[in-house]
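Worksheet for the structure shown next.
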2 protein chains.
Amino acid sequence: MSGTNTPLPPFDPICPMSTFPIQIGGKWTAMIVLCLESGPQRFGTLRRHLQPISAKVLTETLSTMQRDGLIRRHLVEDVDGCGVEYALTSLGRTILGLIEHVRQWTREHLNELLRLREIFDSTNQINSAS
Amino acid sequence: MSGTNTPLPPFDPICPMSTFPIQIGGKWTAMIVLCLESGPQRFGTLRRHLQPISAKVLTETLSTMQRDGLIRRHLVEDVDGCGVEYALTSLGRTILGLIEHVRQWTREHLNELLRLREIFDSTNQINSAS
DNA sequence: CTGTATCCCCTACGATACTG
DNA sequence: CAGTATCGTAGGGGATACAG
């Protein structure tokens with residue numbers, strides 16, 4: 001009823017690039033590709049969907065992706081005026097395959113990596129006091 | 001005879017991460033994994049092999065990789081004294097698969113991406129004079 | 001709604017010099 | 001040979017405010 005809900009799910013925790021950074025393009029590129037997988041999205045929708053992202057960074061990333069031919073931008077007619085939509089190109093869709101491989105690796109091996117990291121950190125007590 | 005040549009090829013130009021950054025770990029992580037694919041390597045050999053890398057960054061990267069269980073470090077006996085060798089662990093070997101996928105994507109799609117980028121840049125003449 | 005324009009900050013990365 | 005110790009830097013990312 002309220003109508004302004006995001007039409008997409010709140011965003012699935014993907015491969016946690018913070019713990020082991022496997023990055024495709026910028027920090028948000030892969031997530032944007034995933035957001036666009038099921039169809040074109042508006043700027044505002046992407047923004048809400050990617051939550052803590054700033055307008056500036058989203059604009060920058062989308063611009064770079066358009067430059068590289070990963071997405072296409074087109075205007076849409078809205079009730080209250082102008083709107084913009086972003087859609088994956090066929091080249092952009094090829095990124096989906098890459099992401100899938102990354103996610104698969106993550107599913108299979110990230111836990112072990114994290115476990116070994118913890119063991120290493122607790123073995124070599126580097127920082128405890130100053 | 002001279003003996004100090006790098007036993008490995010000068011380094012194959014991999015997926016040019018500078019033109020389209022697809023990064024696994026740090027800037028050099030993937031390349032180090034590739035260097036170690038065919039067997040353990042000494043610190044100095046890696047250094048020469050990765051050429052413009054600084055000792056500090058190489059040390060840092062190797063340390064991180066060891067922490068994450070991607071490589072193992074062990075001492076070796078040399079003619080003139082101490083030496084160190086780095087070798088891939090089984091977990092580290094799983095990265096090879098990831099890299100292969102990235103390289104395949106690169107082979108198949110990077111040229112098109114670069115072409116589209118050039119077209120975009122020449123169409124939107126952004127920077128020419130001030 | 002869809003962006004620009006600033007400003008700031010932090011972290012990789014790099015250059016250089018020095019040590020066991 | 002295999003690193004440490006410093007110092008410096010560039011740029012990616014973030015917060016906030018403003019504009020068409």
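In what follows, chains are A, B, ... by sequence order, proteins preceding strands, each numbered from 1.
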Please confirm whether the backbone N or O of A/Arg72 pairs with a side-chain atom of A/Thr89, one donor and one acceptor, at under 3.5 Å?
no

Identify, residue by residue, the members of residues 57-65 of chain A with a heavy atom below 4.0 Å from DNA chain C, and return them in order of residue number, or none.
A/Thr59

Check the distance between D/dG12's P and A/Gln23's CD and give it to me in whole angstrom.
11 Å

Between the two end axes of the helix from C/dC1-D/dG20 to C/dG20-D/dC1, each built from 5 base pairs, what angle do you get to the nearest 10°?
40°

Closest to the A/Ala55 side chain: D/dG13, D/dG3, C/dG3?
C/dG3

Between C/dT2 atom C1' and A/Leu46 atom CG, what is the distance in whole Å?
12 Å

Return the value, rounded to whole Å, for the distance between atom CD1 of B/Ile53 and atom P of D/dA2.
14 Å

Starting the side chain at C-beta, find the nucleotide from D/dG14, D/dA2, C/dG3 nearest to A/Lys27.
D/dG14

Pick base, sugar-phosphate or nothing for A/Arg42, based on heavy-atom distances below 4.0 Å to the nucleic acid.
sugar-phosphate

Measure from CD1 on A/Ile32 to P on D/dG13 and round the result to the nearest Å.
10 Å

Answer yes or no: does a side-chain N or O of B/Arg73 lie under 4.0 Å from OP1 or OP2 of D/dG3?
yes

I'd like to know if B/Glu100 and B/Arg107 make a salt bridge, using a cut-off of under 4.0 Å between side-chain N and carboxylate O.
yes

So, does the side chain of A/Lys56 form a donor-acceptor pair with the base of C/dG3 at under 3.5 Å?
no

